[in-house]
Amino acid sequence: MIKAVKGTRDILPPDSRVWNRVEETARRVFAAYHYGEIRTPIFEETALFARGVGEETDIVSKEMYTWEDRDGSSLTLRPENTASVIRAYIEHRLDQRPGLQKLYYIGPMFRRERPQKGRYRQFSQIGAEVIGSESPAVDAEVIEMVLEILSQCGLSGFHLVINSVGCKNCRPAFLALLRERLQDVKGQLCGDCQRRADTNPLRVLDCKVPQDQPVIETLPSILDHLCEVCKPHFATVRQFLDDRGIQYEVRPRLVRGLDYYMRTTFEVVHGSLGAQNSVLGGGRYDGLAESLGSRVHSPGIGFSIGEDRLVMSVEEASQNASGGALDVFIAPLGAEPLRHAAGLAHELRRHNVRVEIAFEGKLKRALELANKLNARYTLIVGETEMAAGVYALKNMTSGEQETISREQLAERLYAGK
RNA sequence: GUGGCUAUAGCUCAGUCGGUAGAGCGCUGGAUUGUGGUUCCAGAUGUCACGGGUUCAAAUCCCGUUAGCCACCCCA
């Protein structure tokens, strides 16, 4: 039997309803914040991600789906979407358009990692980018918006973490200092951290081993080494968040895996996601466009929500995913009533009433099915009703049944549609 | 890429010391000529993940493969 390949999955009804709800909610919020949708290709030239995400990152060095095309060019399934959006921004000269470019996207990404809870090889992200401003107020608005999406999805109990990772002026000096200090204390750290001290010094700061914490406390904090541009930028972001009463934790140890981040970075975590507890991550990337060949300075900030994880959290938050998937189940009794039912169903559906027909079986069977399908009403169309030009409408919750005219039926069902 | 656990009906799972397959739910039909949910009766469904080995005999023991889950690395 052929099965879905490792790390991919089918999303079936009724689960797909949660996905649709999440996406509709996100689109609604994006619209309110005046974002437009961008749809970029699902694969790109490999060089785009190598240059955009960073050659040395795990994503690029070992997690990409890359292949050689027939003409010899190297192509890659997108592992994230920011690089593509910036590529499109440059390619189509969106910097020439008036105002900020506020773009959002929803779609699948691909990384060849070992699957586990909330981590798949094909996964979906809901993300957005604002390009064309360095203002810290934009950072705050982006964060505010992403929280709005989460709460409008019915999610609570999430936790916002923010940090500033500096810029090309202040980060190198801090990194040098950190490396130096790490050499001194390396012996007191866990095995992983001794390795990280050389390969990925920032990652040491995020180590979760309890025994390492006292030592990590003594390491320098990036926030104490921000330059005269980055420091007020971060202060203003915080001020704007404070103004709106947004709760957050400043975590100088928050590191992001992608090379292009600078200044503001943020993350939202939610319990019950196991080790993969991060629902979304984002940050500012003022140098990315230039590194992808832009001739104009195009600072940007963006985020991406792990939709798979968000859906998981939303499902837990609201167990009752059901709720009237079907308005009317039509039970025709006989050949002529079935012909009539087909026409009636069409008419009702044109008014967005959710209708299903019992094409086969006896009335008893139809009612059983109506019950299983959670139909609000069953409409019985028999020879008797046909002759009298009426219907028998049965309320499946109360069990009450009444004979109503065709006009009354429309009145009853179109209400609220 | 590394480690641990797991794989039996559509789903959740039981299966003893190795003796040839079970339950609940769901599904189908009936008790009921055109009235569901509750109840009762009956029925169907299995490559015991796959491949090999040990044995008179393997769902059960051993090896391998694949897949899933969990964790690590890393990350959304």
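A note on names: the letters A, B, ... follow the listed sequences, proteins ahead of strands, and every chain is numbered from 1.
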Here's a test for you: under ring-ring contact (aromatic ring centres under 6.0 Å, His included), which of A/Tyr33, A/Phe30, A/Tyr35 qualifies with A/Tyr104?
A/Phe30
Below 4.0 Å: OP1/OP2 of B/A71 and any side-chain N or O of A/Gln116
yes
Side-chain N,O (A/Lys372) to OP1/OP2 (B/U28) below 4.0 Å:
yes
If the P atom of B/U38 is compared with that of B/U28, how far apart are they to the nearest Å?
14 Å
Ignoring hydrogens and angles, does a donor from either the side chain of A/Arg119 or the base of B/C70 sit under 3.5 Å from an acceptor on the other?
no
A/Gln408 versus A/Tyr391, side-chain donor and acceptor atoms under 3.5 Å:
no
So if I define the base as every atom that isn't primed, P, OP1 or OP2, how would nucleotides 31-40 of chain B read as a B/S/- string at a heavy-atom cutoff under 4.0 Å?
---BBBB---
Convert the base pairs of RNA chain B into dot-bracket notation, remembering that pairs crossing earlier ones are written with [ ] and that bases paired across to another strand are shown as |; include only Watson-Crick or G-U pairs under 3.5 Å.
(((((((..((((.....[..)))).(((((.......))))).....(((((..]....))))))))))))....
Could you work out the separation of B/C74 and B/C11 based on their C1' atoms and round it to a whole Å?
34 Å
Heavy atom of residues 74-83 of chain A under 4.0 Å from RNA chain B: which residues?
none
Inter-nucleotide C1' distance (B/U45, B/C25), Å rounded
14 Å
Phosphate OP1/OP2 of B/C70: any A/Lys117 side-chain N/O under 4.0 Å
yes
Does a side-chain N or O of A/Arg365 approach OP1 or OP2 of B/U28 to a distance below 4.0 Å, or not?
yes
